[in-house]
Amino acid sequence: MILSTHVTRQLWVQLRLLPLLVLPAIVAGLATAVQGPLGAEGGRFVLGIGFALSALLSAALVGAAFADEIGSGAAAWLVVRAVPRTALIGAWLGIPAVAIGAAYVLAGILIGLAIPASSVQPVDPVAFAVVVAAAAAPAVPLTAAALAIGAREPARTTVLATLGLGAILALPASLIGELAVHPASGYWLVAGVIPADRPIAVGLQAIGLCLAVAAAAWVAAARTFQRRDL
Amino acid sequence: MPISTPDALWSSRAAGMLRPAAVELRDVTRRLGDKSLLDGLNLAIPVGARVLLAGVDPDAPSLLLRIMAGLAHRDKGSVTLAGLRREATIPEGWARRIGYVGADLGIPRWMTAAESLDLAARLSGIDGPERQRQIDEWLRRYQLGAIRDRPLRHAGRITLERTALAAALLPDPEVLLLDEPLRAHSPADRVRLLSVPGGRRTVLIASRYPAQEAGLVDRVVLIRNGRVALHAPVSELDAQRLSLSLRGLTALADVASAPTDGDGAPS
């Protein structure tokens, strides 16, 4: 609890918590403003791309904040007070993940309000919630990967490397986008590229894959942080 | 299995007679690239000693303190502080037994002085009215009242150093590790602030400027070629009419290059 409060305040004071909380809502608002009602295909495509970019930006912000925490000596200050390094990096993933989850709840509400009542297809609330959750989920493994980079590189390098990683991952994800379920399938569901005949199954599989990749990335981040001299 | 020594034992007369080691380093080795900063270093420091760590390579003492604090890794060897052996996991009670102030200080600048002391106390397991009493006491002792409720980003280096030292001393640690401490303070203020109460407290100061630590230490350790080249009381420098400087320490190490015992202490 002490650690969670510390990380939350650290992110808030560095003005990095606010973007995590509002980016998806801004994306939802912009997509509506630019492309019209979200029931339309064009609007959904912009929304899917926007969510992917906001996840990448959020991950880069968290990775940079963690690199700053190490660079400023604040991580060392905690570690000499017997805070386990795994607990520290766990808090640095857990708090942003909760913030991102809350942000997508807000974005989901905005999207729900933007879908016109006269929409041709009625919205299934369960499927809608799963699709929004599947769109939120890729931000977690991306954040864990950014923490792994931030655990050994300074803030600026962390931002550039995270954005580069996103660009690299976008290529295979776009190639297999419609063919198989993968961690980024949530964006394809939102964009309407994957046929929405079974959104719950695809969405849940994508969430599961995201959590598995996030766990692997967090282990890599924790091992990197363990080996680092502070 | 880490060995925990109760405070009562440390302060007992029997412990004083036995002179138990507050710090015990065995075969500590660390290479950085091609450079071997620590090469099988052995050192035992008795309880209550105030020791200056100096090095022919100025990075070696700082690295050694950071290894002791668990911030830097060692390639091999063992580190035992206040009876606690720090391996991959942190032994219970570590936060209350060991204090460390690094050159970077590390306190988040968005915190107030009171908040940083409060966080240090919470992490050390000090709760209830005792926590507030300790915070008030250390704010008063180090004259931090003016910055008590203001973020430390508004504070100068002197205030930051005092806050960092207060946060390290608040849990009443048995071993205090100071890496280039209080550089922004005048020599008189440094002596006053570092002359903290606690007869059983062992203090290790890593310094690039040994002369500035005069009056603070009663023993000196010189690290040369990754090993302890000298471990002697300060009085031996006086006896040889040598100054408390790197040159003086090196000269004394050359004079006293007679065989030493296994822990680097004078035989």
Side-chain angles (χ1 to χ4, degrees), chain A residues 1-20 61-62 64-92 95-96 150-152 154-155 219-230, chain B residues 30 32 37 62-63 65-74 81 84 86 88-112 115-116 118-127 151-153 160 163-164 167-168 170-171 173 175-177 179:
Chain A
M1 188 62 194
I2 298 172
L3 214 48
S4 303
T5 309
H6 172 79
V7 172
T8 305
R9 287 192 66 188
Q10 184 90 325
L11 281 168
W12 180 256
V13 169
Q14 291 177 344
L15 295 177
R16 281 161 173 160
L17 188 59
L18 198 59
L20 298 191
L61 283 173
V62 174
F66 186 58
D68 279 343
E69 171 101 343
I70 295 171
S72 68
W77 196 85
L78 292 168
V79 168
V80 294
R81 285 167 176 79
V83 173
R85 293 185 189 214
T86 47
L88 185 55
I89 200 166
W92 271 94
I95 296 301
R152 63 175 287 155
V219 169
R223 292 188 72 166
T224 307
F225 187 44
Q226 284 282 9
R227 290 198 194 108
R228 161 115 194 218
D229 283 351
L230 297 175
Chain B
R30 173 66 194 265
L32 284 176
L37 281 178
S62 177
L63 176 66
L65 282 199
R66 291 194 301 120
I67 286 174
M68 287 188 216
L71 297 177
H73 294 278
R74 55 189 185 271
L81 300 181
L84 301 172
R86 184 162 190 166
T89 55
I90 298 164
E92 202 173 327
W94 180 272
R96 294 195 73 157
R97 298 273 175 93
I98 314 299
Y100 171 84
V101 180
D104 289 340
L105 304 176
I107 302 175
R109 305 293 169 91
W110 48 265
M111 284 185 177
T112 66
E115 283 174 341
S116 67
D118 184 67
L119 181 59
R122 284 173 191 271
L123 291 171
S124 303
I126 303 170
D127 292 316
L152 288 166
R153 66 173 170 270
L160 284 172
T163 309
L170 188 145
V175 177
L176 182 61
L177 309 171
D179 189 0

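Naming convention: chains lettered A, B, ... in sequence-line order (proteins, then strands); numbering from 1 in each chain. Just the heavy atoms: all of them, side chains too, but no hydrogens, waters or symmetry mates, feed the values below.
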Asp229(A) side-chain N/O to His73(B) backbone N/O, donor-acceptor pair under 3.5 Å
yes
When you measure from the side chain of Arg81(A) to the backbone of Ser124(B), do you find a donor-acceptor pair of N or O atoms at a distance under 3.5 Å?
no
Audit row: Val80(A), Ile98(B), side chain to side chain contact (heavy atoms under 4.5 Å, CB included) steps and yes/no:
CA-CA 8 Å; Val80(A) 294; Ile98(B) 314 299; over 6 Å; no
Would you mind checking which part of [X] comes under 4.5 Å of any heavy atom in chain B, side chain (CB onward), backbone (N, CA, C, O), both or neither?
X        : answer
Glu69(A) : neither
Arg9(A)  : both
Val13(A) : side chain

Using heavy-atom distances under 4.5 Å, tell me whether Arg66(B) contacts chain A through its side chain, its backbone, both, or neither.
side chain
Nearest heavy atoms of [X] and [Y], plus distance in Å:
X         : Y         : value
Leu119(B) : His6(A)   : CD2-ND1, 3.9 Å
Gly70(B)  : Val79(A)  : O-CG1, 4.2 Å
Trp77(A)  : Leu105(B) : CD1-O, 3.3 Å

Is the CZ atom of Arg228(A) crowded by more than 12 outside heavy atoms at less than 6.0 Å?
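Buried by this count: over 12 neighbours within 6.0 Å.
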Residue selection (most heavy-atom pairs with chain A, distance under 4.5 Å) from Pro151(B), Ala167(B), Gly102(B), Pro171(B):
Ala167(B)
